[in-house]
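Worksheet: one structure, shown below.
We name chains A, B, ... by the order of the sequence lines, and we start the count at 1 in each one. Below, all heavy atoms of this structure are taken into account, side chains as well, without hydrogens, waters or symmetry copies.
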There are 2 protein chains.
Amino acid sequence: MSLMRRSAVDAQHTRDTIIAKAAAIASVDGLEGVTIGRLAADLAMSKSGVLGHFGTKEGLQLAAIDRVIADFRAKVVEPALTRDRGLPRLTALCDHWFDYLADTGLPGGCLLTAAAVEFDTRTGEVHDTVAELWNDWRRLLRAELKHTGLDVDQCLFELMALGPAVNQAIQLHGDRKAPERAKRAARTVLLVKA
Amino acid sequence: MSLMRRSAVDAQHTRDTIIAKAAAIASVDGLEGVTIGRLAADLAMSKSGVLGHFGTKEGLQLAAIDRVIADFRAKVVEPALTRDRGLPRLTALCDHWFDYLADTGLPGGCLLTAAAVEFDTRTGEVHDTVAELWNDWRRLLRAELKHTGLDVDQCLFELMALGPAVNQAIQLHGDRKAPERAKRAARTVLLVKA
DNA sequence: GTGTTTAGCGACCGATCGTTCGGACTCTAT
DNA sequence: ATAGAGTCCGAACGATCGGTCGCTAAACAC
């Protein structure tokens, strides 16, 4: 049974467009800087037309985050799952991570990295979603590190450090070589310390 | 000549109180989340009474940042300048940095680390001030690294990575051992790679 | 055809935003 | 005592915030 009448395709497309624009704005001005009025103006829509798809601003923020998380998984996590567990998968995860940070498709860099800082000490569903994403990422790296014989906690900390570092080096300092430096650092962590 | 009439001490004290509260709010909700109305309510003042000390909201933000930067310099940079140039000073700078991140005196963690992400892709005086602060910090580390014979750019990247990592580990993941891990990582970067 | 469902609009809501202004008040210098 | 400087308040400004409501128009089922 098709529950959607009036051009379900159009509505989904509109929703996708709103989410894409919201993510783009959020990458520059933060998730709290995403405003219904500004979004409506940019998309030549009415405020109610925008908000109708999400109910509340928080719903819109969550939709934008979910979209970016799916993109992150598709570009970073899934390609690496074809590699053997342990060091091969770890290096693949890190390499894809750093490449993603250098080309997120959003004008303000990585939204997930920014959201981690923006919502780290707040409460609510947005914080919970962001915290869960990063805990998942940590669990993923930790599980692979256990196959290496390395100091799991120490290596996990050092690998987790490289992502934010790449983001800051690119966004704040304009260092386009950051991904290469991070890849080299990751190899030092994973190999030299064995 | 004392330019201030009516209780210069009182006015300065009021200004200090406002800045302290603004920094505390900003550490949790971001510098853009600092609101004149909320500030006035928290301090039992009028909005105009608050804003009168700074002229504009941006002036207030800059005053809060300047305060925190001065605190950072006093707690992190200056104590390390007594150490010999090169490795001794570098390890001291990093150790004080990581300890500072674990105890900033603000409820939401390190405001400078958060501001770097919040304003990295924006324009204006706040961005400029934050970018300058971090460029100064990079220049400081770089100057010391030149005395070590290490790969300056690579080591600089790896050391710069550890600060944001400590902040995220503490604020988002509640890892109170993060400063110790960062100190260990810094020693690996500075010694093993020689 | 008729009826139902729904995307999106336009008008509006109370609250809050940053900012301005005039005045009340307090202190200091003369 | 008087004048000036400066702190702070209270009221108000236009703009914008997130959100609600009733409506129209279009697509569907029948």
Under 3.5 Å, which protein N or O atoms sit close to an N or O of nucleotides 13-17 of chain D? Give each pair with its distance.
unit_1 : atom_1 : unit_2  : atom_2 : d
D:dC17 : OP1    : A:Thr35 : OG1    : 3.3

Legend entry - Spacing between B:Gln61 atom CD and C:dC17 atom C1', to the nearest angstrom: 13 Å
Legend entry - Co-members of the apolar cluster containing A:Met45 [side chain, <4.5 Å]: A:Ile18, A:Ile19, A:Ile25, A:Val34, A:Ile36, A:Leu39, A:Leu43, A:Val50, A:Leu51, A:Phe54, A:Leu60
Inset, instruction - Starting at atom CZ of A:Phe54, determine the distance to atom C1' of C:dA7, rounded to an integer number of angstrom. - result: 13 Å
Inset, instruction - Tell me whether the OP1 or OP2 atom of D:dC8 has a side-chain N or O from B:His53 closer than 4.0 Å. - result: yes
Inset, instruction - Evaluate the criterion side-chain contact (heavy atoms from CB on, under 4.5 Å) for residue pair A:Leu87 and A:Leu191; output intermediate values, then yes/no. - result: CA-CA 9 Å; A:Leu87 288 180; A:Leu191 300 177; 3.9 Å; yes
Inset, instruction - State plainly whether the residues B:Asp95 and B:Arg187 are in salt-bridge range, i.e. N to O under 4.0 Å. - result: yes
Inset, instruction - Round to the nearest Å and state the distance from A:Asp10 atom CG to D:dA27 atom P. - result: 8 Å
Legend entry - Sole residue of A:Arg139, A:Arg83, A:Arg138, A:Arg89 in salt bridge (charged side-chain N to carboxylate O under 4.0 Å, His left out) with A:Glu144: A:Arg89
Inset, instruction - Calculate the interatomic distance between B:Glu32 atom CD and C:dT16 atom C1'; express it in whole Å. - result: 15 Å
Inset, instruction - Counting heavy atoms from C-beta on, name the nucleotide in C:dT19, D:dT7, C:dA7 closest to the side chain of A:Ala11. - result: C:dA7
Inset, instruction - To the nearest Å, give me how far apart CG (A:Leu51) and P (C:dC13) are. - result: 19 Å
Legend entry - Closest listed nucleotide, where the reference is the side chain of B:Ser48 and the choices are D:dC8, C:dG8, D:dG10: D:dG10
